[in-house]
Number of protein chains: 2
Amino acid sequence: MPKLGMEPIRRKALVDAALRAIGDHGSLDVTMSQIARQAGVSAALAHHYFGSKDRLMVETIRSLLRQLHIDVVAALKAAETPRARLSAVVRISFQADQFSPETISAWLAFYVEAQRSEPMRRLLVVYARRLRSDLVSALKTLCPDEDAARIAEGTAAMIDGLYIRQGLRASPLSIETCVALTEDYLSTQLGKAS
Amino acid sequence: MPKLGMEPIRRKALVDAALRAIGDHGSLDVTMSQIARQAGVSAALAHHYFGSKDRLMVETIRSLLRQLHIDVVAALKAAETPRARLSAVVRISFQADQFSPETISAWLAFYVEAQRSEPMRRLLVVYARRLRSDLVSALKTLCPDEDAARIAEGTAAMIDGLYIRQGLRASPLSIETCVALTEDYLSTQLGKAS
DNA sequence: TTTTATTGATTGATGGATCAATCAAAAATA
DNA sequence: TATTTTTGATTGATCCATCAATCAATAAAA
């Protein structure tokens, strides 16, 4: 019953389904069948469009990063001052849809996969660089360059650290608490360095 | 019977082999055969002693945590002042053998597994609590209680964050840099809070 | 009719788990 | 001391389930 032009629709449905399946399951150890079922199609069709599970996984994280990037760019554009740009980056990192247990699980799973898969690692390195570069460029207008690099590193580490600790659900922190901790680090460091 | 008392020897060899295999491979997706080969025994023997792969995995991370705890306790005992105890915790976290790519890979893999396996999650929660409690108890003697809790949370997040970013190998930081970043956070926060 | 969409059936490989069968040291016995 | 018994240690072979991947066949536009 092929209505034409299904390809982009199916691709998106499959990528979304993969993300949800990975998040629910907490690892990349989800089967093509599970993903396909969630997308309402057969496993064979997933193979037809993506060729292999690996490529579907790569497309999936790529879509996650793309959405994040879109959000960050929009938030940066809306911010008036360098200090506001810093806050924007922090806020986006902890925004609700990025902070659900499923999304955190998915991020963690991708980090692990990056230990083995070079394409996956490359994608995550892009994210890490982009985060740091966003931070550094705003920081450089607020403090000496050496301090900017150091503070960016510390901020990025704190963001990622709050993330994975959230994944453990040992002591769940609210979004506001995470933002406050990071903002506090930024403000204190800037106050010291300027 | 053969040489008696092989059990503890084999168990240790298998746990060590599992840790190495996981680290090398970058995920828990290692086969019992690979682990057993590395330990110089058959896969069947691994099953004989551990019952299942799951249980071997749990024992493996338990051993990792045990060693870490031993190191921390020793370092805490050697420290004279509360401030020195804080530094001891930081130093141990980044000490060389905990900071090798293989060990970082293994930690990441365990974090992911914890999303699915309740026993695994429990073990990691113990680690997270212990780290925080070590930090809080030292901090409480140096600043008000509310500040202590907050600073401990921030410090723990920074430690864990530096860890996983190291795993990505995007911008490798030296051990000293990581220690310096964390120490700087601690000192600055304490200066502000006291 | 040609092309696109779609799937059920099938396969080849992998890996965890099980088991029957050895091996060899220690303990008991003669 | 010599012999027998016992039992932990160990493994190769095998079973069984899972899963990614492939393929042949079908349905519906164009």
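Note on naming: letters A, B, ... go to the chains in the order of the sequence lines (proteins, then strands), and numbering restarts at 1 for each one.
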Non-neighbouring partners of [X] that pass side-chain hydrogen bond (donor to acceptor under 3.5 Å, both in side chains), sequence neighbours left out:
{"X": "B:R165", "value": "A:D160"}
{"X": "B:T31", "value": "B:Q34"}
{"X": "A:E118", "value": "A:R121"}

With sequence neighbours excluded, what pairs up with B:Y185 under the ring pair (Phe, Tyr, Trp, His ring centres under 6.0 Å) test? A:Y185
Would you call A:E59-A:R55 a salt bridge at under 4.0 Å N-O? no
Which residues, if any, of residues 11-43 of chain A bring a heavy atom under 4.0 Å of DNA chain C? A:V41, A:S42
Hey, does the side chain of B:R10 come within less than 4.0 Å of D:dT10's phosphate (OP1/OP2), counting only N and O?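 For D:dT10, OP1 or OP2 has a side-chain N or O of B:R10 closer than 4.0 Å.
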Of the nucleotides D:dG12, D:dA9, D:dC23, which one has an atom closest to the side chain of B:E7? D:dA9
Who pairs with [X] by salt bridge (charged side-chain N to carboxylate O under 4.0 Å, His left out), at least two apart in sequence or on another chain?
{"X": "A:D184", "answer": "B:R150, B:K192"}
{"X": "A:R83", "answer": "A:E183"}
{"X": "A:E102", "answer": "none"}

For DNA chain D, which residues of residues 46-63 of chain A approach it to below 4.0 angstrom with any heavy atom?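 Per residue number, the list reads A:H47, A:S52, A:K53.
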C:dA25 C1' sits how many Å from B:M6 CE, rounded?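 For the pair B:M6 CE and C:dA25 C1', the rounded distance is 11 Å.
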Secondary structure string for DNA chain C (Watson-Crick or G-U under 3.5 angstrom, | for other-strand pairs): ||||||||||||||||||||||||||||||
Sequence neighbours excluded - ring pair (Phe, Tyr, Trp, His ring centres under 6.0 Å) pairs with any residue from residues 114-153 of chain B: B:W107-B:Y127
Name the atoms and distances for all side-chain donor-acceptor pairs under 3.5 Å in residues 128-143 of chain A, with sequence neighbours left out.
residue : atom : partner : partner atom : Å
A:R132  : NH1  : B:S171  : OG           : 3.3
A:S137  : OG   : A:D134  : O            : 3.3
A:T141  : OG1  : A:A138  : O            : 2.9

